[in-house]
Protein chains: 2
Amino acid sequence: MANSQFAMAVHVLTMLARNCDGRVKSGYLAKSVNTNAVVIRRLLCDLHEAGLVVSRTGYSGGTCLTKDPEEINLLDVYRAVSHGEVFSLHRQKPDQDCPVGRNIESVLCNLQKEIDSAVEERLGTYTLDDIITLVNKGREVPV
Amino acid sequence: MANSQFAMAVHVLTMLARNCDGRVKSGYLAKSVNTNAVVIRRLLCDLHEAGLVVSRTGYSGGTCLTKDPEEINLLDVYRAVSHGEVFSLHRQKPDQDCPVGRNIESVLCNLQKEIDSAVEERLGTYTLDDIITLVNKGREVPV
DNA sequence: ATAAGTGTAACAAGGATAGTTACAGAACGT
DNA sequence: ACGTTCTGTAACTATCCTTGTTACACTTAT
C-alpha cells in the first residue's frame, strides 16, 4: 500500500502554521486531511519525535509548531516520517559463490545512498513557508 | 513489502552483460539472485517491454541484452520496473471546503514531480557498464 | 519424440499502511 | 470534586503490494 505519510505531514504542518495562534485539535486536522483522528495523532507523534511540533493533552489541548515555518525544512519532515529509501536492496542475500552476486550488494547499497542523497538535497531546498506561500496563492511548485 | 525489483533488475542485467556470448536461462539467473525462476521471468518481461532484453523460448532458449552495457542507462532500468514515485499523495481527497485541503494536492503533486526528477537525473548519470566495472573491481559506487 | 526452455495464470504467504474502536490519563472549567 | 474535552496508545481489521510457488501450455533443438 502506498505510503502517504509525507503528504499528510506536509498537509498537517501547513494547517498548524496557519493556525499559529492556538492549539489545533487532531479531529480538525483529520477533517481537512479526510482521515481518522488517530491516524493524525500517530503522525503527530512522529513529528513530535522530530521536534517539529508539541502537543498538550486534556481540555483545550491540541498541537502547535515549535518553530517558524521558514525554519522547518521539508527534509526534516521527510526524515520524520520516512525510511528514506527510494529503492530497496535484495530481500534475500545473493549467491556468494557467483562473482556478480558476491559484489552487487555493496555496489547497489552505495548507489542507493547516492540516490537517497539526491532526494534529500532537493527536498532541502524547500521550507514549510514555501509550501504555505504556494498553497495561499493556489498555485503550484515552480520548476 | 519492500520493492526490490530495481535491485534485481540491475543484478540480472549485469549477469546478462557478462554472458554476452550466449543466452542465459532464468534458472541460472534465479540462482545468483537467490529467488525463484518465475520471479526472474516476470522481471525479464518488464525489461523486454522496455526494450532492454530479448528472450527465446524452447530448447537452448534464454535471454540476452539488446544493447551494449554502455548504452543501457540506469534510468531506463528504473523506469522499466518502477512506478517512479518517491512519495505518494493523499489516498483520500482532502476536504475541498478547507483552504489548505483545496490547494495542497496540486502543490504536493508538483513537488512530487520535482523530487522524482531529481532521482531520475541522478540515475541517468550511470550506465550498466559503470555497474559492471564496479562489480568487477569489487569496489563501491564513488561519491 | 523427447528434453529443455519461456510465458503466464493462479494461488498462498508475508508485510506495510491505513482505518476503526476503545479506553486510560491529563487539563481545564464550574 | 466532577464532568468535559482532549491526547496517547493499544488492539484489531481491511486492503494492497510484493514475492514465492506450483502448474501447465507452448516453443525449439536434438
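Each chain gets a letter, A, B and so on, in the order the sequences are listed, and its residues count up from 1. Computed over heavy atoms, backbone and side chain alike; hydrogens, waters and symmetry mates excluded.
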> Shortest non-hydrogen contact from B:V135 to A:N103?
Replying inline: O-ND2, 3.2 Å

> Counting side-chain heavy atoms from C-beta on, which of D:dA14, D:dA29, C:dT6 comes nearest to B:S26?
Replying inline: C:dT6

> Contact class for B:T63 vs. all strands (heavy atom < 4.0 Å): base, sugar-phosphate, or nothing?
Replying inline: nothing

>> Just to be sure I understand the geometry, which residues of residues 35-52 of chain B put a non-hydrogen atom under 4.0 Å away from DNA chain D?
In response: B:T35, B:N36, B:V38, B:V39, B:R42

> Any idea which heavy atoms bring A:L123 and A:L74 closest together, and the distance?
Replying inline: O-CB, 3.6 Å

> A:S4 has a side chain; which of D:dT19, D:dT7, C:dA18 sits nearest to it?
Replying inline: C:dA18

> Looking only at heavy atoms, which two atoms of A:I132 and A:A17 are closest? And how far apart?
Replying inline: CD1-CB, 3.2 Å

>> Test side chain to side chain donor-acceptor pair (under 3.5 Å) on A:S55 and A:H48; report intermediate values, then the result.
In response: CA-CA 8 Å; A:S55 299; A:H48 176 252; over 6 Å; no

>> The side chain of A:S55 is closest to which nucleotide in this list: D:dT7, C:dA4, D:dT27?
In response: D:dT7

> Is the shortest heavy-atom distance from the side chain of A:H90 to the side chain of A:L108 under 4.5 Å?
Replying inline: yes

> If you measure from CE on A:M15 to CE on A:M8, what distance do you get to the nearest 0.5 Å?
Replying inline: 14.0 Å

> Which part of the nucleic acid, if any, lies within reach of A:G27 when heavy atoms closer than 4.0 Å are counted: base, sugar-phosphate only, or nothing?
Replying inline: nothing

> Please give, in whole Å, the distance from D:dT21 C1' to A:R91 CZ?
Replying inline: 13 Å

